[in-house]
Amino acid sequence: MKRLSSWYASLGAVRGPLIGLVALCLALSLSTDTFFTTRNVLNVMDQITVLGVMAIGMTLVILIGGIDLSVGSVLALSMMVMGYLANEMGLPFGLAIVVAILVSALCGLVSGLMITEAGLPPFIATLAMMSVARGIASIITDGQQIVGFPDWFTDLAITRHFSVLSVTVAVMVVLFAIAWIVLRYRAAGRNLYAVGGSVEVARLAGIKVQRTTNWVYTLCGALAGLAGVILAARLDSAQPSSGLGYELDTIAAVVIGGTSLSGGVGGIGGTIVGVLIIGFLRNGLNLLRVSPFVQQIVIGVVIALAVAGDTWRRRMR
Amino acid sequence: MKRLSSWYASLGAVRGPLIGLVALCLALSLSTDTFFTTRNVLNVMDQITVLGVMAIGMTLVILIGGIDLSVGSVLALSMMVMGYLANEMGLPFGLAIVVAILVSALCGLVSGLMITEAGLPPFIATLAMMSVARGIASIITDGQQIVGFPDWFTDLAITRHFSVLSVTVAVMVVLFAIAWIVLRYRAAGRNLYAVGGSVEVARLAGIKVQRTTNWVYTLCGALAGLAGVILAARLDSAQPSSGLGYELDTIAAVVIGGTSLSGGVGGIGGTIVGVLIIGFLRNGLNLLRVSPFVQQIVIGVVIALAVAGDTWRRRMR
Amino acid sequence: MSVPPAATGNAPTGLSIRGIKKSFGDVDVLFGIDLDVRPGEVVALLGENGAGKSTLSGIIAGAVRPSAGTMTWNGAPYAPHQPGDAIAAGIGMIHQEMRLLPHLSIAENVFVGRLPLKGGRIDRDTMNRLASAQLRRLGLDVPPTRLVGTLTIAAQQQVEIAKALVLQAKLLILDEPTAALGGHETDLLFEQINRLKAEGYSFIYISHRLEEIARIADRVVVLRDGHLVATHDTAQLPVRTFVEAMVGRSVERMFPDLPAPGGDVVLEVRGLTSAHGAFRDVGFEVRKGEILGFAGLIGAGRTEVMRAISGADPRRAGEILVDGKPVAMRSPADSIEAGMVLVPEDRKAQGAILDHSIAENLCLPNLDTVAPDGWVRPARVLAFAREGIRKLGVKGVPDQAIRNLSGGNQQKAIIAKWIARSPKVFILDEPTRGIDVGARAAIYDVIADLARAGMAVIVVSSDLEEVLGLSHRVVVMSRGRQMGILPKEKATSVAVMELATA
Amino acid sequence: KEAKKIGLAVANLQANFFNQIKQSVEAYGKEKGLEVITVDAKGDAATQVSQVQDLITQNIDALIYIPAGATAAAVPVKAAKAAGIPVINVDRNADGAPGDTFIATDSVASAKQVGEWVCKQTGGTGKVAIIHGQKGTTPEVDRTKGWGEMNAACPGLKTVAEQWSQMWAQDEGFKIAQDFLQADPTITVIWGQADALALGAAQAVKVANPDHKILVAGFDGDTAALVALKNGVFDVTATQKTQAMGRLAVDSAIALVAGKDVPALQLQTATLTTKENVEPFIENHP
Ligand SMILES: Nc1ncnc2c1ncn2[C@@H]1O[C@H](COP(=O)(O)OP(=O)(O)OP(=O)(O)O)[C@@H](O)[C@H]1O
Ligand SMILES: Nc1ncnc2c1ncn2[C@@H]1O[C@H](COP(=O)(O)OP(=O)(O)OP(=O)(O)O)[C@@H](O)[C@H]1O
Ligand SMILES: O[C@@H]1[C@H](O)[C@H](O)CO[C@H]1O
Ligand SMILES: [Mg+2]
Ligand SMILES: [Mg+2]
């Protein structure tokens, strides 16, 4: 018992959302007979991959006290660059993927430089990038979508190896693991917490705050680009309108997971919980055949409850 | 000269964006012959009314270090409540307007209470409200729009008295003036700066932080509701899908105007400049016949430049 | 040992508290405190770091809710729910190192929460006039419209004091008001206190500068580990008496014997000039094992010099050499790389990440030693933190947030974080601000040990006794100029003050 | 009077259907020596009102108007009329303030055709899941109506699940279909009311890898969807004549400016399209 409760205590900030997640899953398991099946859970894993991959980058950005509004647009740009290079320019597909991710990383770097060099608030810098990246994504094919990718590529998102993991889900899991390890156990990860906790203290401690910031936005851009590649595989097509509004979803997943928008507090564990809450909630409401309008109300209420859980638990004592 | 430069210095944080605004207007006046005409400027005033009214509430919220993502949804809810009560329930139109604004204020109050009582981060509380308000707005008429309001009502947004001001634009101007005076010269306004600067310092100075917070969100809700009424007059219809994504536009206008997302810094002057930059920019690009995809790129770049202006000016010295 | 209520009049006047207890979660901080404060008296509240002084004051001022106990104020039950209630009842407080609102003007900070109005509008003229007058009386002569964020810590402390004085509170609690001040400013503050005292206002005065107590206090109350352990009806007692009550033993001597400095020059500064005009043409050298003191009135520019040396601020001209090699100083990282560290003056904004744990803060600049291969192992972090906590006697545990430490313990943790780097040059800006006597002696020992180990040490302090007692040589600054360097034997307080006020 | 400059106000260029019309109008306008000024409301009616205002400021001779929002907003039409500018509505029209002419596809009839093909193909029995468009929009309402008319005559097709998308988008179609199949794996027909929704559904079917054929139907004839149709990704759609509609809009504008009469309603037929007859549409979109 002692053991358990100290483990529980060690969860720290993740505790509130985690209670919310468990309660949500229990409720859905009891109210539908389709929710708690291997296949459905695997479906949800597929459904959250794009959000999950973007949320990793966003966690880093929010940890250093920033925000990235451009992820949805960068995702679309990545898809279009990949599709255009492969299908219109005839580049080998693998190379097209690499270039797409590099272009996305470049978008992130530009956002970072706008913040560190031009002194723009992250909100403005990435809002500008959001608009620019979407514009470029649309111009590439004059707004047309691109369809028809090689089978091996779309299979990455479809074929479940050992009837469990598709490659894309595996990629997400591996990235979560890496991010978790880096943020917890690597000096580079710990430094992000310091920068988010106090830029001045971090700087005086010898951390290169500007360089760190540029790296974090670059990574966030690259991950949004990777998410775009995954989405393209999943949809077997690329559209310049993809990812509209994803920035808010992504930020929401991170914040629901307990990472503070003022920086320095939080982590990947919480983000995983946040992504799962959003994923299971949407899936469960569809399984329950709740009408979309009522869904919106339920989603709002559940998000509030999930995050408030911890506050109330503490009050009760 | 001395006089001028001290006036210029007194502009403080508004200076950067103001330079941006002036440069923008100059460029547009030189490159089109339609921009700098009374009629076009009046058109732009019409076009920014909704954004302007919402931005007033958002300025207050951001000044106390908060954020309100629900304004677009609350605007839609207000429109639907007004339309439903007047057109379906047969309530007198004036009364329907009052109830719509009260309902919106209530949404704001609930957001405020989620923050002050349940301890939710503002981002989460208002994200939840965003979802719930949109859901309710859609349920009222099962997603249908409501058309056909009395002529006197739509005339409020159309008829230009003394061939200058429509009533809705006049309302915006008056609200800007009131907000400016309150934030600069009234104790209630100054207290917002204290709360945004440091909740702890404000609390220790005897300011009732929770009550202030609840009031500010309530006001922001009410203003979003009023913006909904204005939009309904402008469109002569009410749709539950109105105002999608307006939260980002509104926050952008406020932040472009120099109000800091971390609270305690900024003001209405900056917000007016921010709203005008967005309004003139969109109008100007249409007048310049820039193609829609290219517009997005230009908008992104100009926003970044407008805000960076001040940084560069300072570097140059 | 509690004091009988005032015998004048029928109704008891002043503040009277009985059985006040406080715990934060499982940690008990106060164990049933009884205390009376009568009109027109100054009660000094003494105690080690973490004894519970700020907590007790916070309870009286309505900022902290007690776990048990009662209070009466002028005979009526008094139980403030929030600071506003206390202020309304006429009880105000200066909080220890509370940050001001950096983006607002001095005047607005002074009047925050009670801005003077005229016809519903803020009366800016009155506000600026009153703030300016109050600040001048305290020795700060800056325009009241200036933004507080541009002021030094000392000036901010004066604004904080002015903010409390304009309250016109019948009872005013001053929690370490002089920690960041120099002698002159302290004198001016005492003048104000004495004037108000004569008008019947009363004060609770908290300070670790015990020599101040005899000058200002009428009575002395001592806390130890949350218990009230001594009450003296006069402050005219030897400092030793207070120290023994606080620490529970006698503290033998304050300043350690200084080792003789070695021959090699470690740090050399030539013609250093600030990029934004705070100082110019500063030059000196520090040898191996030498402690170089920096004295001056507040605002003399000492902090700015140290920040420039450590790469925190840009410089316009000048050279910095470590071991004879010029250091290309573009950022603090370069300075740390070259073996220099700075314990900054502004603890909250520059010293520690308040929401992070002691362990995280201690490891922050030491990851190259804690995690030489880049892997941050929790066991190593914990061991490292325990070592730092032990060395400086920090009252706290590794995973406790720095924010929840008492002020003095925060400072110890910050020093611990930098000592662990074993640098070549160790710069301490106001190292004992807010540190209790016992711990102060311990820190002096640590500083002497650093010198003995061959480091070059710079100590900046507004506590003249401290600079003189601790340094081999003393640099005196005034208004951004280096006025002279005095060797230990010539460095008397008179000589230093002459240069500092020249 | 001769038309020189026309304004094109598009609801949402992010939807392929609208983008095709835009491209057609721009290309054909150029051919006719006209200047076309295009604005994109990104789905927001208020933005569109502002944009039409800006077009009027530039003294356009005619306005081609694809209303944004759930149904048509009347204000831009009124504003243009007040400025003496003829209005050509495309795809959506307002009751209270119709344009001078209205060009659109007969959604009721075409949806009915798609349904009838499905009915025939399945032998008149099946479990149907419908992914609706944005609730309350004219095409959503009309297509639902047309399908219902077919269903009355083909009662063996049972609707077992219905859900509404918010933005007619492909990833929505994917998610909704995946959840449909999870809740009821015996579904045999999925109809998406736009091709983007159908393509998403087809991908969900592919992922689910069911043991029986699931027929996927769409609507629109998006350029990309036609290629997919040819490749057997999904089974049937109704191809709207976007190119023709665009050209017709320009011709109507020229005629209206010249003061000629143009019929108030110019309904187009959509062509039922399957693998068999898709080829020519890929070469040359109608
Ligand atoms: N919010 C809190 N949560 C947990 N512990 C706290 C909190 N605030 C204070 N403490 C603990 O209470 C004890 C008393 O702290 P307090 O600040 O009252 O000491 P102090 O006498 O003012 O010390 P100093 O001279 O260093 O300012 C300390 O051990 C401190 O760690
Ligand atoms: N009391 C004051 N009056 C006027 N200016 C002041 C005062 N205090 C600080 N300043 C400003 O601070 C600058 C130098 O501050 P700095 O912090 O370097 O001095 P310091 O000697 O370290 O004193 P402090 O004890 O304030 O830290 C001066 O240029 C001056 O503008
Ligand atoms: O017909 C069109 C298309 O289906 C589009 O996808 C959405 O809007 C409808 O009007
Ligand atoms: Mg204290
Ligand atoms: Mg100093």
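Below, chain A is the first sequence line, B the second, and so on; all start at residue 1.
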query = Hey, is CZ on B/Phe280 packed in by over 12 heavy atoms from elsewhere, all under 6.0 Å?
reply =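 Result for CZ/B/Phe280: enclosed.
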[X] versus [Y], closest heavy-atom pair with distance:
X: B/Val307; Y: A/Pro121; answer: CG1-CD, 4.1 Å
X: A/Met114; Y: B/Ala304; answer: SD-CB, 4.0 Å
X: B/Ala128; Y: A/Gly300; answer: CB-O, 3.2 Å

Proximity breakdown for [X] and chain A, heavy-atom pairs closer than 4.5 Å:
X: B/Ile256; result: both
X: B/Met130; result: side chain
X: B/Gln295; result: neither

query = Using non-hydrogen atoms only, which part of A/Ile136 is less than 4.5 Å away from chain B: side chain, backbone, both, or neither?
reply =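 Both backbone and side chain of A/Ile136 come within 4.5 Å of chain B.
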ask   = Which bit of A/Leu244 comes within less than 4.5 Å of chain B, counting heavy atoms only: side chain, backbone, both or neither?
value =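 Neither part, no heavy atoms under 4.5 Å.
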ask   = Side chains of A/Ile297 and B/Ile139: does their closest heavy-atom pair fall under 4.5 Å?
value =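 When only atoms from C-beta onward are counted, B/Ile139 and A/Ile297 do touch, with a gap below 4.5 Å.
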inquiry  = Just so I know, are the side chains of A/Ile140 and B/Phe293 near enough to count as touching, which here means a heavy-atom distance under 4.5 Å?
reply    =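 When only atoms from C-beta onward are counted, B/Phe293 and A/Ile140 do not touch, as no gap falls below 4.5 Å.
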task = To the nearest 0.5 Å, tell me how far A/Leu261 CG sits from B/Leu261 CG.
result =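 Answer for the CG-CG pair, A/Leu261 versus B/Leu261, is 9.5 Å.
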message = Distance check, rounded to the nearest 0.5 Å: B/Ile124 atom CD1 versus A/Ile303 atom CD1?
response =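 With rounding to 0.5 Å, CD1 (B/Ile124) is 6.5 Å from CD1 (A/Ile303).
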key: Winner by heavy-atom pair count (cut-off under 4.5 Å) against chain B, out of A/Val302, A/Val301, A/Leu69, A/Asp142   =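 Result: the option with the highest number of such pairs is A/Asp142.
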query = A/Ala252, A/Gly245, A/Ala137: which one forms the most heavy-atom pairs within less than 4.5 Å of chain B?
reply =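 Heavy-atom pair counts peak at A/Ala252.
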